[in-house]
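Atoms within each ligand, like the ligands themselves, are counted from 1 in listed order.
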Amino acid sequence: MTILEIKNLEKYYESFHALNNLSLSIPEKSIFGILGPNGSGKSTLMRILAGLIRSWKGGIFYKGKELNYKNTDILKNFGFMIESPTFYEYLTAYDNLSILSKLTKTSKKRIFEVLELVKLENRMDEKVKTFSYGMKQRLGIAQSLLHNPEVLILDEPNNGLDPPGIRDMDKLINFLNDEGKTILISTHILGEVESLCTDVSILRDGRLLKSLNMKQTQLDNNKFKIVTDDVEKAKLIFENHSDIRVIRIDTNSILIASKRATTVEKIFNIFNGKVILDSISRHSNLLDYFYD
Ligand code: ADP
Ligand code: MG
């Protein structure tokens with residue numbers, strides 16, 4: 001079921017066309033990636049969904065109900081973290097959440113709940129200025145969860161995090177998804193989509209290039225990249241193999257597609273020691289859309 005439907009969304013900044021006829025269907029309980037390079041319109045989309053940008057055209061529907069200036073109630077179902085969140089640095093994590101909790105009229109109990117969700121319950125009495133960047137990002141997510149929204153909208157939450165920070169963030173996003181939240185997450189990093197998302201839409205210059213379900217994409221993925229100094233010999237071997245099609249040849253590598261589902265090991269065995277290989281790896285289907 002679609003929880004959030006975006007239809008023919010258009011956004012201009014003066015004469016600059018930032019979102020161009022963008023349509024997306026976000027399935028309920030998905031981890032939906034918005035993948036695109038800088039300037040492709042990810043933050044613009046998220047700001048519109050968060051109600052931070054008011055002038056746009058098109059339709060946004062939450063469970064079939066349309067969002068418009070008369071009906072902003074829908075926004076209550078969204079929690080968002082747009083870019084890096086800011087806090088009162090000299091107040092504790094708890095006090096920061098408490099201020100927001102009073103504004104949004106959520107219970108005190110919920111503050112403890114969200115701190116536990118993001119694993120900051122043991123640090124809640126410390127001042128935010130002593131927090132690492134990753135902890136601040138997690139506190140930002142705690143903030144977005146206070147009113148227990150069904151949809152979480154996270155604009156590049158991994159930006160600026162170190163690898164352990166990214167792992168914690170991915171774990172948290174997976175956990176919240178298991179708890180039933182639909183998560184819309186933007187990123188410019190392909191690998192993040194592949195490791196985290198169930199669905200992805202690829203944006204470029206404010207337009208939708210492609211929407212894909214990751215499970216299907218992985219099932220369909222029978223492309224491999226072989227890195228070797230002896231590209232010519234590798235090419236000959238593949239050309240004599242009926243199940244394999246050579247897609248592209250570069251100086252040190254060769255890209256192939258197998259007609260049947262196969263494994264890296266089976267591709268390796270085709271060589272039977274006849275060519276010295278540096279590596280064989282599965283080639284991401286997404287890459288083709290991303291860098292076309
Ligand atoms: P992303 O988040 O994918 O990097 P943005 O949505 O931030 O992309 O920006 C998309 C395009 O819109 C960029 O070219 C950016 O320069 C432009 N843009 C964003 N915000 C504004 C604004 N407030 N005024 C004018 N142009 C803007
Ligand atoms: Mg952005």
Practice task
Out of S186, G39, G206, indicate the one that has the non-hydrogen atom closest to atom 1 (P) of ligand 1.
Solution key: G39

Practice task
For the Mg ion (ligand 2), decide whether M46 has an N, O or S atom at a distance under 2.8 Å.
Solution key: no

Practice task
Just jot down the side-chain hydrogen bond (donor to acceptor under 3.5 Å, both in side chains) partners of Y88, sequence neighbours excluded, or say none.
Solution key: none

Practice task
Could you tell me the residue and atom name of the protein heavy atom closest to atom 19 (C) of ligand 1, and the distance to it rounded to 0.1 Å?
Solution key: Y13 CE1, 3.4 Å

Practice task
Under 4.0 Å from a heavy atom of F16: give me the atoms of ligand 1 that qualify, with their elements.
Solution key: 11 (C), 12 (O), 14 (O), 17 (C)

Exercise for the section: Verify the neighbour count for atom CG of D162: are there more than 12 heavy atoms of other residues, nucleotides or ligands below 6.0 Å? Expected result: yes

Practice task
Assess whether atom CD of E179 is packed by more than 12 heavy atoms of other residues, nucleotides or ligands within 6.0 Å.
Solution key: yes

Problem - F268 atom CZ: more than 12 heavy-atom contacts under 6.0 Å - result: no

Handout entry: Option nearest atom 7 (O) of ligand 1 (shortest heavy-atom distance, choices G41, A18, S43, S40)
Key = S43

Handout entry: Those atoms of ligand 1 less than 4.0 Å from some heavy atom in P37
Key = 3 (O)

Exercise for the section: Using distance alone, decide if ligand 1 has a nitrogen or oxygen within less than 3.5 Å of any nitrogen or oxygen in N38. Expected result: no

Handout entry: Stepwise side chain to side chain contact (heavy atoms under 4.5 Å, CB included) check, M81 with Q143
Key = CA-CA 8 Å; M81 184 169 85; Q143 201 170 40; over 6 Å; no

Problem - Any protein heavy atom nearer than 4.0 Å to atom 16 (O) of ligand 1 - result: no

Problem - Presence of salt bridge, D73 and K76, under 4.0 angstrom - result: yes

Exercise for the section: Kindly indicate whether a cation-pi arrangement holds for K11 with Y13, taking the cut-offs as under 6.0 Å to the six-membered ring centre and within 45° of the axis. Expected result: yes

Problem - Pick from I82, I48, T44, D155: the one approaching atom 6 (O) of ligand 1 most closely through a non-hydrogen atom - result: T44

Practice task
For atom 27 (C) of ligand 1, decide whether some protein heavy-atom distance is shorter than 4.0 Å.
Solution key: yes

